[in-house]
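Notes follow the structure.
Below, read A as the first sequence line, B as the second, and so on, with proteins coming before strands; counting in each chain starts at 1. Keep in mind that what you see is a predicted model, and the values were worked out from it rather than measured.
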Number of protein chains: 2
Amino acid sequence: MEGKEDNSLGGVKEIARRANVSLGTVDRVINNRAGVAVKTRNRVNAIIEELNYQPNVLARRLALTSRGTLRVAVLLPDISEETEYWKAPLEGINKADLEIRQYGVQVEHYFFDQNVQSVFAEQVNRIMANAPDGVLITPTFEKESIALMKFCKKKKIPCVLMNSDIPDQHRLCYIGPELFDSGYLSGQLVHYCLKEGQKAMIVNIAREIENNVAILRKEDGFLAYFREKLSQDQLVHLNMTDTGYASVAARLTALLEAHQQIGIIYVTNSRVALVAQWLESIGRKDIVLIGYDYLDKNLDYLKRGVIDFLLCEKPQEQGYRGVMSLFQYLIFSTTVQEDYLIPIDIVTSANYRYYRN
Amino acid sequence: MEGKEDNSLGGVKEIARRANVSLGTVDRVINNRAGVAVKTRNRVNAIIEELNYQPNVLARRLALTSRGTLRVAVLLPDISEETEYWKAPLEGINKADLEIRQYGVQVEHYFFDQNVQSVFAEQVNRIMANAPDGVLITPTFEKESIALMKFCKKKKIPCVLMNSDIPDQHRLCYIGPELFDSGYLSGQLVHYCLKEGQKAMIVNIAREIENNVAILRKEDGFLAYFREKLSQDQLVHLNMTDTGYASVAARLTALLEAHQQIGIIYVTNSRVALVAQWLESIGRKDIVLIGYDYLDKNLDYLKRGVIDFLLCEKPQEQGYRGVMSLFQYLIFSTTVQEDYLIPIDIVTSANYRYYRN
DNA sequence: TCTTTTTTCGTGCACGTGCACAGGTTTTTA
DNA sequence: TAAAAACCTGTGCACGTGCACGAAAAAAGA
């Protein structure tokens, strides 16, 4: 039971005592600061090894409190009725903000309209001008995002990406889902639910489909599953850049007329509620509906059995972890930090009550 | 942008200055200690409210370091080849242990054999004799668990339950799944996958089925779904108290002979691997198989397409949160603490890579 | 050898909180 | 009215670490 020497006891003081030097010297060795003889440094390092010394993070941050606050810039889409999704990451970010504020880290918000690229560029410039200590962004527009990442690299500012990734640039980490497998999983669900002789439909609803990385990746994954396990002619495609309900309903009605065997609809984003509204209006609860995101509107349809499956990627946790990983890095100097691939969760009317967003 | 007054600045010192009292007095008010005039107390409390004061946890724990270490007793089943499941909670517990050790909290382990009630009782007695500062248990045997909970109540020791619950006793919180809905969700999955004219089968494999709260609750939920949405005669029951493979295979073979329309099998615990082994041996990958737990053995079958769905309840997180909630309570005196119902996750071959246990 | 520069090291304060102890004030008792 | 008791409040140290400042020692220059 007793076993090895307990590591937790003895801090800097014990090291100083054993090495027969002062606290200041030990401190210099630990923090790799100059001004200590090589011989002394080695001796102290040996004792640090021997004691398996782990600095007390509480005391460390407490001591640093006097040094002033660190600023973390957060860039994400603003929240409209249409893009309610982004409320969740923001909540996670705010939660983290509250937790780390007293440790001398504060979060600065920058918002942009997902439909206006110039605003995004403008906000990127503002961030660069303000030179924060850390950056968290959702890289909706690739060009400006890369510019910001290059800037961060030069200034040695840690940069975290969220929600979708730009892999080949220099960044601290990516926090978000593996979108291809998200689509692939949808294909699998469709396969399980598909009855004899039925067809499935994939629906993209977004103003800009060709530039939307998220939608494209999910579709890739979905199609990959169909190629592997099903037949292409069991699938009907539909792209809609007009996101108004009337337009959506009209297109869907026409398509259902043409393909009466459709038994399953897969919507590649949170606009699944539009389809649900339409399905309910025409009284076709029997059609299996799969979509995205744990939003109030979607949950309503889920509870009522109109939507059958919601795929969710913990947007709140994404925001929270994004900020916290910067916090970890800045405060505790945690150098090693892998990308964090968020689980792809399946939510139905039977388990939504326990889901943590 | 400036808006309201920033809450983070100013701690006890600022309160003392505004109330025109000393630090000691403020401290007494905050910690509800005696020896301060009612008038003064009210004045200080008002200022605390006004400043929205939040104590600095770093400093708080740092100050308490001198006070000595707290001991947390953990009681859970030991890990055999048959009960590999319990490795995960233990990992979570150990992870928490490492994190909180330097804050002066240490974890003491107590193990028992799930098949031997007397050992459980014995360990409960050992815990009571050692009088720890906190207790975390998996209440496999109800009678002894209640005895321990009563002891804790008398001694004011916080007691956390994990994995399954005993609701009506005095306890700090429960951390685990809502088992009824877990079974209900399985029913729903079966419904989605059931093809025309097929039957489903529910299989319980455990030495003691009638005393196993977890299995019974899941079965309740599953049957509830069938009553609501399907027909009872689409369901075949099977209970097996002999957990050896040969015996399982024999029973299953016989039953499949009798009910050839069986298209889906639901196993109510992690023994689903036994059924998978059998299915693979008879070459019936077409039968949909649903079971429990993110274990290596089960994952193998999942990847190969023998098992189709695994329901998982984050056992590692359960252990982690169990210890951490005690830590929170003991160190930060977080009085309000709800039960934590773990999400019921659906894992398939398409998303298992991203699952966090 | 003495002064100047550089290197190396020790000391003291700060961070925000908990707690023991002592000093002070009011109320009770003799 | 003085002494004793009860009550209230202020002061100082500790927790472990980071950093500034200055002192001591060593090295370089004259």
Query raised in the report: Listed by chain and number, what are the ring pair (Phe, Tyr, Trp, His ring centres under 6.0 Å) partners of Phe120(A), not counting sequence neighbours?
Result: Phe112(A), Phe141(A)

Requested in this report: For the side chain of Arg33(B), starting at C-beta, report the closest nucleotide among dT17(C), dG18(C), dT17(D).
Outcome: dG18(C)

Report task. Could I get the full list of side-chain contact (heavy atoms from CB on, under 4.5 Å) partners for Ala19(B), not counting sequence neighbours? Result -> Val21(B), Arg43(B), Val44(B), Ile47(B)

Query raised in the report: Does the side chain of Tyr53(A) get closer than 4.0 angstrom to OP1 or OP2 of dG16(D) through an N or O atom?
Result: no

Requested in this report: With the side chain of Pro55(B) defined as its heavy atoms from C-beta on, choose the nearest nucleotide among dG16(C), dC19(C), dT17(C).
Outcome: dT17(C)

Listing, residues 148-159 of chain A side-chain donor-acceptor contacts under 3.5 Å, not counting sequence neighbours, or none:
none

**Report entry** Atom-pair distance (CG on Asp27(B); C1' on dC21(C)), nearest Å
**Finding:** 14 Å

Report task. Quickly work out the Ile30(A) CD1 to dC19(D) P distance and round it to whole Å. Result -> 12 Å

Requested in this report: May I have the distance from Ile48(A) (atom CD1) to dT17(D) (atom P), rounded to whole angstrom?
Outcome: 10 Å

Report summary line: Rounded to whole Å, the CD-C1' distance (Gln54(B) to dT17(C)) equals 15 Å

**Report entry** Inter-end axis angle, the helix from dT1(C)-dA30(D) to dA30(C)-dT1(D), with every axis fitted to five base pairs (rounded, 10 degrees)
**Finding:** 60°

Report task. Using side chain to side chain donor-acceptor pair (under 3.5 Å) as the criterion, list what pairs up with Arg171(B), not counting sequence neighbours. Result -> Asp165(B), Asp339(B)

Requested in this report: Scan nucleotides 5-10 of chain D nucleotide by nucleotide, 5' to 3', and note B when protein non-hydrogen atoms come under 4.0 Å of the base, S if they reach only the sugar-phosphate, - if neither.
Outcome: ---SBB

Query raised in the report: So, are Arg126(B) and Glu122(B) salt-bridged, with charged N and O less than 4.0 Å apart?
Result: no

Please tabulate, for the side chains in residues 28-35 of chain B, all donor-acceptor contacts under 3.5 angstrom to protein atoms that are two or more places apart in sequence or on a different chain.
unit_1, atom_1, unit_2, atom_2, d
Arg33(B), NH2, Asp27(B), OD2, 3.1

Requested in this report: Starting from C1' on dG18(D), measure out to CG on Asn31(A) and report it in whole angstrom.
Outcome: 7 Å

Report task. Only counting residues at least two apart or in another chain, list the ones meeting side chain to side chain donor-acceptor pair (under 3.5 Å) with Glu108(A). Result -> Arg71(A)

Query raised in the report: Whole Å only: how far is the NZ atom of Lys39(A) from the C1' atom of dT7(C)?
Result: 15 Å

Requested in this report: Flag the pair Arg353(A) and Glu178(B) as a salt bridge only when some basic side-chain nitrogen lies within less than 4.0 angstrom of an acidic carboxylate oxygen.
Outcome: no

Query raised in the report: With sequence neighbours excluded, what pairs up with Ile79(A) under the side-chain contact (heavy atoms from CB on, under 4.5 Å) test?
Result: Trp86(A), Lys87(A), Leu90(A)

**Report entry** Nearest-Å distance for atom pair NZ/P, residues Lys13(B) and dG18(C)
**Finding:** 14 Å

